[in-house]
Amino acid sequence: MNITVEQTMEMPDVVLFARELDAALKAERQKRKNFYKVIDENKKMEFINGEVCFQSPVKIEHNNVTVRLVAVLQPYIFKKQLGSLGVEKILVSLSRNDYEPDLCFFNKDKAAHFKPRQMQFPAPDFVTEILSDSTRRNDRETKFQDYAAHGVSEYWIIDPEHEVVEQYVLIGGEYDLILKARSGYIESKAISGFRISIRSIFDDEENFLELEQLLLRLKK
């Protein structure tokens, strides 16, 4: 449960608490500066709640989901001139933490300000995280709260092992689960008009058919 400012102000020792918190955040900011010095473009590294987190190599099922989504997302976003798609190594720097989402999308207004050598990016409009054993908790808890707090309007959590996708949409500052399914269709709210079959996320043949149909629609 989140603690509100009003609840904090009811604490009789709130001033002492604030001093301790300020000291802890100053120390954390220094660790974050050091993180920026050592971050390596050849390694997947994130800074989460004061700790540097290294990601292990992904399983093939994780990689395949990423590849299939990029196959249909990239031509759609490019043709419609909607913005920019980031894949795995885009460093999203929020107020406290730095993440490298599996997939993220920035609308064209945000993307218009990006520089060729830019290495840190603001909160995206859309994020997909693909679950793995080592990231499951962060994806469902820390990142879930942080993305919502920083206005990421849509969040997909994909479970490649059980072939399930969950679609969350930001409503009133909190994520609302609007879809959890293994089949049927999913339509993005943040990427205007983007709609695909869920099976195309998990199956190569379905993905190829989806791509064929998508390219035909984009030619019209």
Just by distance, no angles: are the side chains of Q55 and T135 close enough, under 3.5 Å, to form a donor-acceptor pair? no
Using a strict cut-off of less than 4.0 Å between a Lys/Arg side-chain nitrogen and an Asp/Glu carboxylate oxygen, indicate whether R96 and D146 qualify as a salt bridge. no
side-chain contact (heavy atoms from CB on, under 4.5 Å) with I158: of L103, L131, D139, L69, only one passes, and it is L69
Looking just at side-chain N and O atoms, do E129 and Y99 make a donor-acceptor pair shorter than 3.5 Å? no
Verify, without hydrogens or angle tests, whether R182 (side chain) and H162 (backbone) share a donor-acceptor contact under 3.5 angstrom. yes
Without swapping roles, check the side chain of K189 against the backbone of S153 for a donor-acceptor pair under 3.5 Å. no
Is the backbone N or O of S84 less than 3.5 Å from a side-chain atom of K110, with the two atoms forming a donor-acceptor pair by type? no
For the residue pair Y168 and F144, is the inter-centroid distance of their aromatic rings smaller than 6.0 Å? yes
Which of parallel (below 30°), tilted (30 to 60°) and perpendicular (above 60°) describes Y175 and Y155? tilted
Treating D13 as the side-chain partner and L16 as the backbone partner, does any N or O pair qualify as donor plus acceptor under 3.5 Å? no
Any side-chain heavy atom of R140 within less than 4.5 Å of one from E166? yes
Anything under 30° is parallel, anything over 60° is perpendicular, the rest tilted; go ahead and classify F47 against F35. tilted
When you measure from the side chain of R68 to the backbone of S200, do you find a donor-acceptor pair of N or O atoms at a distance under 3.5 Å? no
Do L209 and F202 share a hydrophobic cluster (ILVMFWY, side-chain heavy atoms under 4.5 Å, transitive)? no
Between D176 and V169, is there a donor-acceptor pair closer than 3.5 Å when you use the side chain of the first and the backbone of the second? no
Where the side chain of E46 meets the backbone of E100, is there a donor-acceptor pair that is under 3.5 Å apart? yes
Between Q120 (side chain) and S93 (backbone), is there a donor-acceptor pair under 3.5 Å? no
Salt bridge (Lys or Arg N to Asp or Glu O under 4.0 Å) partners for E161, two or more places apart: none
Indicate, with yes or no, if V152 and V92 share a hydrophobic cluster defined by side-chain heavy-atom contacts under 4.5 Å among Ile, Leu, Val, Met, Phe, Trp and Tyr. yes
Does F114 CZ have over 12 foreign heavy atoms under 6.0 Å away? yes
Between E210 (side chain only) and S197 (backbone N and O only), is there a donor and an acceptor less than 3.5 Å apart? yes
